[in-house]
Undergrad: 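I have a structure I would like to understand better, so I am pasting it below and will then ask my questions one at a time.
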2 protein chains.
Amino acid sequence: MPELNESEVYWWRPLDAAVATDTRSKILFAAYKEIHLHGFQSASLNNILAHTGVSKGALYHYFPNKTELGYAVIEEVIADRIFRSFIQPLQQADDPVQSLIELIQQAGRSFTLKDIQMGCPLGSLAQEMAPISEGFRLRLNKIYQLWHGAIIEALSRAQQQGRLIPQVVPEQLAVMVVATLEGCLSAGMIAQDLTRLTQCGAGLIQYLQLISIDKK
Amino acid sequence: MPELNESEVYWWRPLDAAVATDTRSKILFAAYKEIHLHGFQSASLNNILAHTGVSKGALYHYFPNKTELGYAVIEEVIADRIFRSFIQPLQQADDPVQSLIELIQQAGRSFTLKDIQMGCPLGSLAQEMAPISEGFRLRLNKIYQLWHGAIIEALSRAQQQGRLIPQVVPEQLAVMVVATLEGCLSAGMIAQDLTRLTQCGAGLIQYLQLISIDKK
DNA sequence: CTTGACATACCAACCGGTCGGTATTATAAA
DNA sequence: TTTATAATACCGACCGGTTGGTATGTCAAG
């Protein structure tokens, strides 16, 4: 399956990947890339090793086995990305719904074709591993719960401020927003077309605007 | 990764699986199950063989290689399921939006915990293979385009009938509906909780009702 | 006597994981 | 300050098992 060249396509701000100098971090980020590209089950430890120049002994010095390496990727790399990109911005907002809309818009604008080519690291790993491994499912679910919680809190706040129609149930909408967001990214990835992504996002934004109340 | 017992969890009406008597069909359905459970890359041909009792020679008699077997699963099994479950019902409807809502509601009701444990066969395969194989991506995208087309047509019809507010753009909403639907199923799967699925579905239905016009 | 429908035996490549060994650094007693 | 001890951080050859794929053989139907 060598249709994709593994060159530096890589996505969504290099983040700490460049900063990572110690061996453990190097392994962790290489593992994150490999898992995101091939999925966990098909991720090859030898590939990770080859990309980092680290030896197998080093890998097994820091991680007892492949599964634990996968757990570490979830808890240390993926969780951090979701938190920084989608949770933290919501907590600081004073107009929650508007900033939720802007968050979606900004995501839609900043994405390039290459960015969406590989889909959401959280979503694809969840799709693959949740059905076959409780250990993975539990750890991935924890991230989703955090994400949902942040949106629920934001929507409730908006409702209290009178910026959101009272018929909306925050718990309900929050789950739907996350689901749609991931679905949109997935749709853009499959079509390999940014307009599909923005189309999808526009649909969600229209909904949010429909249920929000302009205060001015 | 032997956390899930592979016994007859299997999902969404056995469909033709029981009817399949000829060797090629047996291989095809076993491959579908194996791929849905482990993904394409980690799907083991030996596993498929073991489950069917078919020999390796037979498999390679009907399919030139693993990739072509995967293509056949998409085009013959998955496409058929999506068409029968989500496209055909929409084409025959005379109140398109209402029947779309009912389709979602009925899906939400008929699903059991076991059904959602494994997620959507189309979505998870797309997540895995679209980024790394054009052959897979193109074939999966074709199914999505068919699905989108059916919803677009239904929404346009509804708009002509005056049952849908004119502000909504059918192309936009169609992509979003599919994305949300898959996102909901995924959310339910990760939480392993049906209420998460119905929560998510309720959010979508609320939106659809908000933009539809009651004719009576 | 050919052809399609299998069955069996086998292959190299790769898999995750283990092992014995080593170079470097931290700790602490003399 | 020197020196013995011990823990840490690797290294890379090797293991049994599995992978997708192939080459050859059988055998009934036409």
Side-chain angles (χ1 to χ4, degrees), chain A residues 1-6 20-74 76 125 128-129 132-136, chain B residues 1-4 6 20-74 76 125 128-129 132-136 139:
Chain A
M1 213 54 40
E3 295 182 34
L4 191 80
N5 69 324
E6 291 196 32
T21 46
D22 63 297
T23 307
R24 209 192 98 103
S25 299
K26 269 200 261 181
I27 297 170
L28 212 52
F29 279 108
Y32 168 70
K33 288 191 190 183
E34 174 78 5
I35 289 172
H36 188 25
L37 187 57
H38 291 291
F40 175 77
Q41 294 178 96
S42 299
S44 159
L45 297 183
N46 291 333
N47 262 4
I48 295 168
L49 267 25
H51 278 94
T52 53
V54 167
S55 72
K56 190 160 264 190
L59 198 161
Y60 276 90
H61 174 70
Y62 290 106
F63 305 95
N65 50 49
K66 193 188 177 186
T67 303
E68 289 295 330
L69 175 60
Y71 292 168
V73 167
I74 294 174
E76 298 179 43
L125 192 55
E128 181 195 4
M129 297 307 292
I132 55 168
S133 162
E134 270 296 286
F136 276 84
Chain B
M1 215 55 38
E3 293 181 36
L4 190 78
E6 292 196 31
T21 46
D22 63 298
T23 307
R24 209 192 97 103
S25 299
K26 268 200 262 181
I27 297 170
L28 212 52
F29 280 107
Y32 168 70
K33 287 192 191 184
E34 174 77 7
I35 289 172
H36 188 25
L37 187 57
H38 291 290
F40 175 78
Q41 293 178 97
S42 299
S44 160
L45 298 183
N46 291 334
N47 261 3
I48 295 169
L49 266 25
H51 278 95
T52 52
V54 168
S55 73
K56 190 160 264 190
L59 198 162
Y60 276 89
H61 175 70
Y62 289 106
F63 305 97
N65 50 48
K66 193 189 178 185
T67 302
E68 289 295 330
L69 174 61
Y71 291 169
V73 166
I74 294 173
E76 298 179 41
L125 191 56
E128 180 196 4
M129 297 307 292
I132 55 169
S133 163
E134 270 296 285
F136 275 84
R139 284 166 176 82

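Just the heavy atoms: all of them, side chains too, but no hydrogens, waters or symmetry mates, feed the values below. Order of the sequence lines fixes the chain letters, A, B, ..., with proteins taken first and strands second; residue numbering starts at 1 for each chain.
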Undergrad: Are any non-hydrogen side-chain atoms of B:Phe29 and B:Thr52 less than 4.5 angstrom apart?
TA: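 Sidechains of B:Thr52 and B:Phe29: no contact.
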Undergrad: What is the distance, rounded to the nearest whole Å, between atom CD1 of B:Ile48 and atom C1' of D:dT19?
TA: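 In whole Å, D:dT19 C1' and B:Ile48 CD1 are 12 Å from each other.
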Undergrad: Roughly how many Å is it from CD1 in A:Ile27 to P in C:dG17, rounded to a whole number?
TA: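 A:Ile27 atom CD1 is separated from C:dG17 atom P by 14 Å.
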Undergrad: In whole angstrom, what separates B:Leu69's CG from D:dG21's C1'?
TA: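 One finds 13 Å between C1' of D:dG21 and CG of B:Leu69, rounded.
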Undergrad: I'd like to check the side chain to side chain donor-acceptor pair (under 3.5 Å) partners of A:Asn46; sequence neighbours left out, ordered by chain and number.
TA: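 Listed in chain order: A:Lys56.
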Undergrad: Identify the pairs formed between an N or O of the protein and an N or O of nucleotides 3-5 of chain C at a distance under 3.5 Å, and give each distance.
TA:
| unit_1 | atom_1 | unit_2 | atom_2 | d |
| --- | --- | --- | --- | --- |
| C:dA5 | OP2 | B:His61 | NE2 | 3.1 |

Undergrad: How bent is the helix from C:dC1-D:dG30 to C:dA30-D:dT1, comparing axes over its five end pairs at each side, to the nearest 10°?
TA: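 Overall, the helix from C:dC1-D:dG30 to C:dA30-D:dT1 bends by 0° from one end axis to the other.
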Undergrad: Quick check against the 3.5 Å criterion: does B:Lys26 have a side-chain atom that pairs as donor or acceptor with the backbone of B:Gly53?
TA: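 A pair under 3.5 Å: no.
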Undergrad: Once side chain to side chain donor-acceptor pair (under 3.5 Å) is applied, do any residues pair with B:Glu68, and if so which ones, sequence neighbours excluded?
TA: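 Listed in chain order: nothing, the list is empty.
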Undergrad: Should B:Tyr62 and B:Leu69 count as side-chain neighbours, where that means a heavy-atom distance under 4.5 Å?
TA: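 Counting from C-beta outward, B:Tyr62 and B:Leu69 never come under 4.5 Å.
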Undergrad: Rounded off to whole Å, could you give me the CG-to-C1' distance for the A:Leu59 and C:dT18 pair?
TA: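 Checked: the CG to C1' distance equals 13 Å.
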Undergrad: Whole Å only: how far is the NZ atom of A:Lys66 from the P atom of C:dC14?
TA: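 Going from A:Lys66 (NZ) to C:dC14 (P), I get 16 Å.
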Undergrad: Quick one, B:Leu45 with B:Tyr60, criterion side chain to side chain contact (heavy atoms under 4.5 Å, CB included). Give me CA distance, side-chain angles, the key distance, then yes/no.
TA: CA-CA 10 Å; B:Leu45 298 183; B:Tyr60 276 89; 3.3 Å; yes
Undergrad: Between P on D:dG21 and CG on B:Leu45, what's the gap in Å once rounded to a whole number?
TA: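 Taking atom P of D:dG21 as the reference, CG of B:Leu45 is at 7 Å.
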Undergrad: Looking at D:dG12, I'd like to know if its phosphate oxygens (OP1 or OP2) sit under 4.0 Å from a side-chain N or O belonging to A:Ser55.
TA: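 Answer is no, no contact under 4.0 Å.
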Undergrad: Expressed in angstrom and rounded to an integer, what is the separation of A:Leu49 atom CG from D:dC10 atom P?
TA: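 In whole Å, D:dC10 P lies 12 Å from A:Leu49 CG.
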Undergrad: Expressed in angstrom and rounded to an integer, what is the separation of B:Phe63 atom CZ from C:dC6 atom P?
TA: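 For the pair B:Phe63 CZ and C:dC6 P, the rounded distance is 12 Å.
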Undergrad: Strictly below 4.0 Å: does A:Asn46 bring a side-chain N or O up to OP1 or OP2 of C:dC14?
TA: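 For C:dC14, OP1/OP2 do not have a side-chain N/O of A:Asn46 under 4.0 Å.
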Undergrad: Looking at A:Asn47, is its backbone amide N or carbonyl O close enough to the side chain of A:His51 to form a donor-acceptor pair, meaning the two atoms are under 3.5 Å apart?
TA: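 Flag set: sc A:His51 to bb A:Asn47 pair under 3.5 Å.
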Undergrad: Identify, with sequence neighbours excluded, every residue that meets side chain to side chain donor-acceptor pair (under 3.5 Å) alongside A:Ser42.
TA: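 Residues passing side chain to side chain donor-acceptor pair (under 3.5 Å) with A:Ser42: B:Ser42.
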Undergrad: Indicate for each nucleotide in nucleotides 22-30 of chain D, in 5' to 3' sequence, whether protein heavy atoms under 4.0 Å reach the base (B), only the sugar-phosphate (S), or nothing (-).
TA: B--------
Undergrad: Hey, does the side chain of A:Glu128 reach the backbone of A:Phe40 with a donor-acceptor pair shorter than 3.5 angstrom?
TA: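 Yes.
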Undergrad: Whether the side chain of A:Gln41 engages the backbone of B:His38 through a donor-acceptor N/O pair (distance < 3.5 Å, no angle test) should be reported.
TA: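 Such a contact is found between A:Gln41 side chain and B:His38 backbone.
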Undergrad: Between B:Ser133 (side chain) and B:Met129 (backbone), is there a donor-acceptor pair under 3.5 Å?
TA: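 No, the answer is negative, given that no donor and acceptor are paired below the 3.5 Å cut-off.
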Undergrad: Measure from the side-chain heavy atoms of B:Ala58 and tell me the nearest of C:dA7, C:dG16, D:dG20.
TA: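 Output: C:dA7.
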